[in-house]
Amino acid sequence: MNLDQFPRRRYTEGRTPIEFLPNFSRAVGGPEIYVKRDDLLGLTGGGNKTRKLEFLVGDALAKGADTLITCGAVQSNHCRLTLAAAVKEGLKCRLILAEATPGAYRPDAGGNVFLYHLLGVERITVVPWGTDLLAALAAAEAEAAAEGRRPYVIPLGGSNPIGALGYVACGQEIAAQCAEGGLEFDNIVVAGGSAGTQGGLLLGLRSEGCGVPVTGISVLNPREVQQKLVYEMAEKTAGHIGAAVPVKREEIAVYDDYLGPGYTLPTAAMVEAVKLLASTEGILLDPSYTGKAMAGLIDLARKGVFPAGGRVLFIHTGGWPALFAHQELFLDK
Ligand SMILES: *Cc1c(COP(=O)(O)O)cnc(C)c1O
C-alpha cells in the first residue's frame with residue numbers, strides 16, 4: 001500500500017521507538033510488555049492525532065484552506081493537536097467542544113483547555129453533549145465561509161479515510177521495526193474511540209503481511225458498535241487508497257469491559273494503571289484513553305488471555321496533558 005500519492009506534512013522526525021518495559025512487565029506479572037511511543041510524536045504534546053493530522057492538514061493545504069475547524073470533548077487531545085498543527089502551518093483554528101454536563105467547560109481549567117488558550121485558539125463554541133456534531137461543524141464551516149475564510153473541517157477524532165492513513169503508515173512502520181529488530185508480538189493493544197487508529201493500524205499491518213492480532217479497548221462505544229466502526233474505517237480507507245481490504249470482519253477484536261461508567265469518566269482500574277506505569281517506567285498515560293486501555297491490558301494479562309511467556313505491544317496514543325486537568329484523581333487521599 002503506497003501512501004506517496006497523498007499530500008502529507010511531516011510533524012515527527014523519523015519513527016517512534018518501540019521500548020521494552022521491564023519493571024512494568026515484572027509488576028504486572030504476565031507477558032513481556034512493550035510500548036510503541038506514539039506519545040512522543042511531534043506537535044504540542046504528541047499523540048495519535050499527530051499522525052492523522054499529517055494527512056488531514058496536507059489535504060487542507062492542498063485545497064488552499066486558511067482555517068481548520070474541528071470538534072471534541074472539553075478536554076480533547078484531538079482539538080489540542082489540530083490547533084497545534086494550525087499554529088505551525090500559519091492557519092487559524094476554531095473548536096466546537098461538547099460538554100458532558102452544563103458548565104463542564106471552564107475557560108480557566110488546566111490540561112488541554114489551558115493549552116487551547118496558550119496556543120491561541122481563534123474561537124471556542126461550547127455545545128451540550130448529544131448535539132449533532134456533524135451539523136454543528138457544517139454550521140461553523142458556513143459561518144467561516146460567509147466571513148470570507150477558506151475553512152477545512154476535520155471530523156471528530158480526525159477519523160475519516162484521510163486521517164486513518166496516518167495509522168496505515170504506523171502499521172507499516174511497526175511491521176518494518178519488527179522485521180528489522182527480529183521482534184514478534186502475540187498481540188497489539190490500542191485504545192479505541194472514533195476508530196481511525198485501530199482501523200488504519202490493522203490495514204497497515206495486514207498490507208505488510210503482518211498478521212499479529214490487534215485488540216481494541218473501547219473507551220466510548222459498546223463492543224459491537226466499535227467493531228463495526230473499526231471494520232468500516234478499514235474498508236473505507238482501503239477504498240480511498242484504491243486497494244483491496246486485507247482485513248477480515250471476524251478478526252476485529254474489541255473489549256468494552258474497561259469503559260466503566262462512560263466516556264471520559266474515571267475508573268479505579270484506570271487510576272491504578274496510570275500510577276503503575278508512571279511509578280515503574282516514568283511514562284505518563286491519560287485518564288480517558290490510554291489509562292483505560294492499559295487497565296484492559298493489565299486485566300487480560302492477569303486473566304491469562306495474554307499469557308506469561310508471550311509478548312504484547314501497547315500503542316501509547318498519547319493524551320498525557322489531560323492528566324493536569326485531573327490531578328485530584330491520582331493523589332492519595
Ligand atoms: C483520540 C485518542 C484515542 C482514540 O483514537 P481513535 O482513532 O479516535 O479511536 C486514543 N488515545 C488518545 C490519547 C486519544 O486522544
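Numbering of ligands and ligand atoms starts at 1, following listing order.
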Is it the side chain (CB and beyond), the backbone, both or neither of K52 that lies under 4.0 Å from ligand 1, heavy atoms counted? side chain

Could you tell me whether K228 and E224 make a salt bridge, using a distance below 4.0 angstrom between a side-chain N and a carboxylate O? no

For T67, run the side chain to side chain donor-acceptor pair (under 3.5 Å) check against K92, R149, E122, R150 and tell me which one passes. R149

Can you report which non-hydrogen protein atom sits closest to atom 5 (O) of ligand 1, along with the distance? N48 ND2, 3.0 Å

Answer yes if F6 and Y152 sit in the same cluster of Ile, Leu, Val, Met, Phe, Trp and Tyr residues linked by side chain heavy atoms under 4.5 Å apart, and no otherwise. yes

Ring geometry between F324 and W320 (parallel below 30°, tilted from 30 to 60°, perpendicular above 60°): perpendicular

Just by distance, no angles: are the side chains of K36 and T16 close enough, under 3.5 Å, to form a donor-acceptor pair? yes

Less than 4.5 Å apart, any side-chain heavy atom of L229 and any of N221? yes

Closest approach of any protein heavy atom to atom 13 (C) of ligand 1, naming residue and atom: G318 O, 3.1 Å

So, is D286 polar-close to ligand 1, with some N/O to N/O distance under 3.5 Å? no

When only distance counts, is T290 in polar contact with ligand 1, meaning an N/O pair under 3.5 Å? no

Provide the number and element of each atom of ligand 1 under 4.0 Å from a heavy atom of S159. 7 (O)

Mind checking whether Y289 and Y263 have parallel, tilted or perpendicular rings, split at 30° and 60°? perpendicular

Below a 4.0 angstrom heavy-atom separation, can you tell me which part of N77, side chain or backbone, both or neither, approaches ligand 1? side chain

Within 4.0 Å of some non-hydrogen atom of A195, the atoms of ligand 1 are 6 (P), 7 (O), 8 (O), 9 (O)

Close-contact set for ligand 1 against G192 heavy atoms, below 4.0 Å: 9 (O)

Ligand-residue contact atoms, ligand 1 with G319, heavy atoms, under 4.0 Å: 13 (C)

Considering only heavy atoms, which of G193, G45, S194 lies nearest to atom 8 (O) of ligand 1? S194

Pair Y167, N48: side-chain N/O donor-acceptor within cut-off below 3.5 Å: no

Residue, atom name and distance, where the atom is the protein heavy atom closest to atom 11 (N) of ligand 1: T317 OG1, 2.6 Å

Closer than 4.0 Å to some heavy atom of G196 - which atoms of ligand 1 meet that? 7 (O)

Of F24, F185, F306, the one forming a ring pair (Phe, Tyr, Trp, His ring centres under 6.0 Å) with Y34 is F185

Give a yes or no on whether R15 atom CZ has more than 12 heavy-atom contacts from other residues, nucleotides or ligands under 6.0 Å away. yes

With heavy atoms under 4.0 Å as the rule, classify the contact between S288 and ligand 1 as side chain, backbone, both or neither. neither

Test of understanding: given a 4.0 Å heavy-atom threshold, classify the contact between V190 and ligand 1 as side chain, backbone, both, or neither. neither

Starting from atom 2 (C) of ligand 1, locate the nearest protein heavy atom and write down its residue, its atom name and how far away it is, to 0.1 Å. K49 NZ, 2.4 Å

Report the part of Q198 in contact with ligand 1, treating N, CA, C, O as backbone and CB onward as side chain, heavy atoms under 4.0 Å; options are side chain, backbone, both, neither. neither

